[in-house]
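One structure is given here, and the rest of the page talks about it.
Proteins get letters first, then strands, A, B, ... in listed order; numbering begins at 1 in each. Heavy atoms only: backbone and side chains are in, while hydrogens, waters and symmetry mates are out. Since the structure is predicted, the reported quantities are computational estimates derived from the model, not experimental observations.
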Protein chains: 2
Amino acid sequence: MPATPAVPDGKRPTLADLATRAGVSTALASIVMRGAKGASAATRERVLEAAREIGYRPDARARLLRSHRSHLLGVQFGLQHPFHADLVEGIYATAEPAGYQIALSAVTAGRGEQRAVETLLDDRCEALILLGPQAPASRLTELAGQLPVVSVARHLRPPVPGLEVVRTADDKGARQAVDHLVALGHRAIAHIDGGKAPGAADRRRGYRTAMSRHGLTEHIRVVPGGLTEAEGAEAAQVLAASHPRPTAVLAFNDRCATGVLDVFLRSGIPVPGAISVVGFDDSHLARLAHIDLTTVGQDIPRLAHLAVDRAIARLDGRDTGTGEQVVAPHLVVRGTTAPPSTAPAT
Amino acid sequence: MPATPAVPDGKRPTLADLATRAGVSTALASIVMRGAKGASAATRERVLEAAREIGYRPDARARLLRSHRSHLLGVQFGLQHPFHADLVEGIYATAEPAGYQIALSAVTAGRGEQRAVETLLDDRCEALILLGPQAPASRLTELAGQLPVVSVARHLRPPVPGLEVVRTADDKGARQAVDHLVALGHRAIAHIDGGKAPGAADRRRGYRTAMSRHGLTEHIRVVPGGLTEAEGAEAAQVLAASHPRPTAVLAFNDRCATGVLDVFLRSGIPVPGAISVVGFDDSHLARLAHIDLTTVGQDIPRLAHLAVDRAIARLDGRDTGTGEQVVAPHLVVRGTTAPPSTAPAT
DNA sequence: ACACCCAAATGGAACGTTCTACAATCGGTC
DNA sequence: GACCGATTGTAGAACGTTCCATTTGGGTGT
């Protein structure tokens, strides 16, 4: 809150105004403002004081225009996904201390990925971080040719050249969940899958191989689901009505699991008394005392950190070459899993 | 996807490159690119063709630097609030067709409003749209002095000069909910409030006056709550344990109501059999078939539209002078409300 | 005293646009 | 054939910053 509102003229104060005020050249004022070396402590203080007086703020656009580096990371995210929100939070936390700014571009019902990416490119981002991108591999390849691109949570096979991938070992997570349930004594374990959502294929595969490894091939049962509560609820209806009802369910994610829980509770099927439920993500939702969901935790801060780190690494030219960072998930046991009460139907 | 990847040199193509390619001056190329008049149809086509060939995209930063207008609206939003996500979606939908770009800046646990606004100012936004700002009135006043500012969902009393407010008539919404419950035959209606969240005071007041108007002053009961599921659950525990248990509850918002529902269901208190529950917001959550929550709907698209409209109006100098836009809410009756089963305790 | 050197400071040219002149071209009219 | 207005086009100066190459100035070392 400057005492002197601004420069005499109504316009916003510029570097030249600041320089005049402090009695130095614009170049020197610039040096001081961006904390570069080349100014004495005395002048530094004088310039900063002047900046405070006139309420000077550097113009980010002009700065970025001139400097070859923009130090701007473009992030595309799904506005309606809490998982993305958590990731963005982590991305801010890593990027800003590292001296990078974040430009957000949301994907919504009326605003596709194409448009989201276009605005980011127009803003001259140096690299792109795409959260769960659905775009075809060809499009991603094209983008990766233009600038460093990091795909978070979207597993691409075969790998796209030049595209960094940061993801959770979804198959491993599904396996952990199955192992846990089997250890509790469950045999009839069903999986509500995520269709073609990013990661769904891996989780499905992890579930299948884990079941086989435990000799439960005949109990494998995949019910089509999705990533929302409604889709989970729908799948739960199917399961509740099925005759040899499974004693445990692995849902695609926490939102899906919430829908499942709700249906079971309303149908008078106690959880975990009659059936155990496991989610995926360890979102805020799962942690709530009254939901208390056993779930497979994704290390979101680490995913976010890696995504930023990979982007910056590419920008700095330190290319690790691996191209894929896989983060281990960890099972979080809470209150929705317990040993089966009766012998499972065979 | 340009056949020729870019300009010979590895750099991104610039207006000069385009002009050279098309055999015109940069000025004319500029005219064509921004669709201004002053170019013949023939050249226009030729330039556009060249642009396509070399994959030219105007540099937003340079453009904004030069033109006095930036056509950029800064939006501050809470990354974890679904309500804000919906608003942002609506804001995009109104702003982009109107020729304005959106710069998003998120408020998170580790990134306060102050920082969020600072980055927006550095980006030279022309106006600010703040979703549910918590900043002190003094800070908002200061901001409003610098550029047009629209506060969405935060009701300021006394009005801050120069600050536009767009909000729902929260008091009216609470009244509609109470009226609905009373019409069903309820008398002991409790309110779980939102503390100092934006809008909470108005809803509380609306609840109180509606109760009084129905002669139910002695049944007024406000339980401290909040805007999350956990806070709703906590309040529900209190209500469930209280002796003359209310027959209906008006929760601060849908998330809060979800927590309430969950606790009641787990405690074996049927909804709406033993107790009716009303939410607020009509979020996606409430609409899910298995939650099916009676709630007070906020007209989010309209709020978003008005927010953008007010900002643009101020920029265009058409100042309506009113400074406050109040949108009517509407009750959405679903499955969580019904007549009380027994006579309410007096 | 001399060259020498490093820090402190500066002038001016970028960066990629748009904007404000102004110049050229072209029918058409008197 | 000179004049005109409208249309098309161009040159060059902004915009606010950072980078580069230089200049200044006061110590050192010999």
Is a donor on one side and an acceptor on the other found under 3.5 Å between the side chain of [X] and the backbone of [Y]?
X       : Y       : value
H84(B)  : G78(B)  : yes
E89(A)  : A109(B) : yes
T119(B) : A116(B) : yes

Exercise. Considering just the side-chain nitrogens and oxygens of S67(B), establish if one lies under 4.0 Å of OP1 or OP2 belonging to dT18(C).
Key: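 No, no such contact exists.
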Self-check item: Short side-chain N/O contact to dC19(C) OP1/OP2 from R34(B), under 4.0 Å
Solution: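 So the side-chain polar atoms of R34(B) do come within 4.0 Å of the phosphate oxygens OP1 or OP2 of dC19(C), strictly under.
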Quiz item: Taking the side chain as C-beta and beyond, is there a heavy-atom pair between R167(B) and V326(B) under 4.5 Å?
Solution: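 Yes - at least one pair of side-chain heavy atoms lies under 4.5 Å apart.
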Take the protein atom [atom1] of [X] and the nucleotide atom [atom2] of [N], then report the distance between them rounded to whole Å.
X      : N       : atom1 : atom2 : result
I31(B) : dT20(C) : CD1   : C1'   : 12 Å
L18(B) : dT17(C) : CG    : P     : 9 Å
E45(A) : dA9(C)  : CD    : C1'   : 18 Å
M33(B) : dT17(C) : CE    : P     : 9 Å
R57(B) : dT17(C) : CZ    : P     : 12 Å

Quiz item: Which part of the nucleic acid does S40(A) contact within heavy-atom distance under 4.0 Å: base, sugar-phosphate only, or nothing?
Solution: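 Touches sugar-phosphate only.
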Quiz item: Hey, which of these two, L15(A) or R44(B), hits DNA chain D nearer its 5' end, going by closest nucleotide?
Solution: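 Between the two, 5'-proximity favours R44(B).
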Practice problem: Dump the intermediate steps for side chain to side chain contact (heavy atoms under 4.5 Å, CB included) on I129(A) and I102(A), then the final yes or no. | Solution: CA-CA 10 Å; I129(A) 296 178; I102(A) 293 301; 5.8 Å; no
Exercise. To the nearest 0.5 Å, tell me how far E53(A) CD sits from L18(A) CG.
Key: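 Reported value, rounded in 0.5 Å steps: 10.0 Å.
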Self-check item: Span of DNA chain D in contact with chain B (heavy atoms, under 4.0 Å)
Solution: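 Span of nucleotides near chain B: dT8(D) to dG16(D).
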Quiz item: Which comes earlier along DNA chain C counting from the 5' end, the contact point of K37(A) or that of A27(A), where each point is its nearest nucleotide?
Solution: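 Closest to the 5' end, via its nearest nucleotide, is K37(A).
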Self-check item: Proximal nucleotide (of dT18(C), dA9(C), dA13(C)) relative to the R66(B) side chain
Solution: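 Of dT18(C), dA9(C), dA13(C), dT18(C) is nearest to the side chain of R66(B).
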Practice problem: Apply salt bridge (charged side-chain N to carboxylate O under 4.0 Å, His left out) to E126(A) and list each qualifying residue two or more places apart in sequence or on a separate chain. | Solution: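 Per chain and number, E126(A) pairs via salt bridge (charged side-chain N to carboxylate O under 4.0 Å, His left out) with R69(A).
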